[in-house]
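In what follows, a single structure is set out as structure tokens and then discussed.
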Amino acid sequence: MAATLNLSGEWALLVGGGAVALRRARTLRAAGLSVRVVAPDILAELAELASDCRHRAFEPHDLRGVRLVVACTGSAQVNDEVIRLARAEGLLANHSGNAEAGNLRFPAVVRRGGLTVTVTSDASLPLLAQAASEKILLALPDSLPLGEWTAQRDAALHLAGAARQAALAGLRRQIRAHLDLPLEAAQ
Ligand SMILES: C[C@@]1(CC(=O)O)c2cc3[nH]c(cc4nc(cc5[nH]c(cc(n2)[C@H]1CCC(=O)O)[C@@](C)(CC(=O)O)[C@@H]5CCC(=O)O)C(CC(=O)O)=C4CCC(=O)O)c(CCC(=O)O)c3CC(=O)O
Ligand SMILES: NC(=O)C1=CN([C@@H]2O[C@H](COP(=O)(O)OP(=O)(O)OC[C@H]3O[C@@H](n4cnc5c(N)ncnc54)[C@H](O)[C@@H]3O)[C@@H](O)[C@H]2O)C=CC1
């Protein structure tokens, strides 16, 4: 299921301190989470992003107080065990080496001007997801009059009944025309 999570203010645990952990730390920090890292070797850049660094192997009590866990060590056995414990605690859990083991996956993400494009290949080909997200961004117009459109939407939502429907239909037509789409959505 694709969804957007609001976990701002929560803690995340990264088990592993390499390149994948660094990528996840950036994503999690940008979403407002505090990050705890546990690993014998932690990249310096990652340590800077973390609020709590534990320079040793994972121990089960590292899970205390966190809402989300990423298992991204170089050891499949350690990752499996972290995910098993995290899921038993009802936490959101991402297994970097075996998507099926966790209950959370990370898509490819690109952002521009108020839009976030996320693409998943359902974990089958991350490089395709990454390339497709860039392609979708390129297919969008350079500038979108977002302020104008949201103002029109706000005005429409203050109307009732047929007037509201007509105002929203007009806005829908404008947006679709701006994106070079046919005026009616394909079924
Ligand atoms: C399930 C998922 C993870 C999740 O949810 O955690 C996953 C899983 C795995 N990735 C693997 C490999 C690589 N992944 C990348 C890159 C990215 N991987 C990303 C997402 C996801 N990767 C999720 C599914 C997304 C979807 O649905 O399509 C991107 C899009 C977003 C991000 O990671 O932020 C990011 C773009 C980077 C960017 O934007 O910069 C590269 C290239 C590189 O590193 O440069 C390689 C090496 C090349 C190759 O092997 O393809 C392996 C094998 C590991 C092993 O060898 O053991 C697994 C394990 C498996 O396949 O199960
Ligand atoms: N999801 C994705 O996009 C990708 C996932 N992967 C997966 O992620 C894993 C990690 O990849 P990298 O970051 O490149 O690996 P890496 O080798 O750079 O880092 C491994 C980290 O695990 C730590 N570690 C080892 N044993 C540990 C333990 N018992 N407890 C805590 N930490 C421990 C090490 O200290 C090191 O910091 C890979 O093994 C692979 O399965 C790899 C590439 C992309």
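Counting starts at 1 for both ligands and their atoms, in listed order. Worth knowing before you read on, the calculation uses all heavy atoms, side chains too, and leaves out hydrogens, waters and symmetry mates. From a predicted model like this one, the values you see are computed outputs, not experimental measurements.
- At most 12 heavy atoms of other shown residues, nucleotides or ligands fall within 6.0 angstrom of atom CZ in Arg153.
- Within 4.0 Å of ligand 1, heavy atoms belong to protein residues Arg23, Arg24, Asn94, Ser96, Gly97, Asn98, Ala99, Arg105, Phe106, Pro107, Ala108, Thr120, Ser121, Asp122, Ala123, Pro126, Leu127, Ala129, Gln130.
- Sorted by chain and number, the heavy-atom contacts of ligand 2 below 4.0 Å come from Val15, Gly16, Gly17, Gly18, Ala19, Val20, Arg23, Arg24, Val38, Ala39, Pro40, Asp41, Ala57, Phe58, Cys72, Thr73, Gly74, Val78, Ser96, Gly97.
- Other residues, nucleotides and ligands place more than 12 heavy atoms under 6.0 Å from the NE2 atom of His61.
- Around CZ of Arg164, the count of heavy atoms belonging to other residues, nucleotides or ligands within 6.0 Å exceeds 12.
- The local environment of CZ in Arg54 is crowded, with over 12 non-hydrogen atoms from other residues, nucleotides or ligands closer than 6.0 Å.
- For the pair Leu5/Leu92, a side-chain contact is recorded, criterion being any heavy-atom separation below 4.5 Å from C-beta on.
- Side-chain atoms of Asn79 never come within 3.5 Å of backbone atoms of His95 as a donor-acceptor pair (strictly under, hydrogens ignored).
- Although no hydrogens or angles enter the test, the distance criterion places no donor-acceptor pair under 3.5 Å between the side chain of Arg176 and the main chain of Leu181.
- Remark: the backbone N or O of Thr116 is not paired with any side-chain donor or acceptor of Arg112 at under 3.5 angstrom.
- One N or O on the side chain of Asn103 and one on the backbone of Ala93 form a donor-acceptor pair closer than 3.5 Å.
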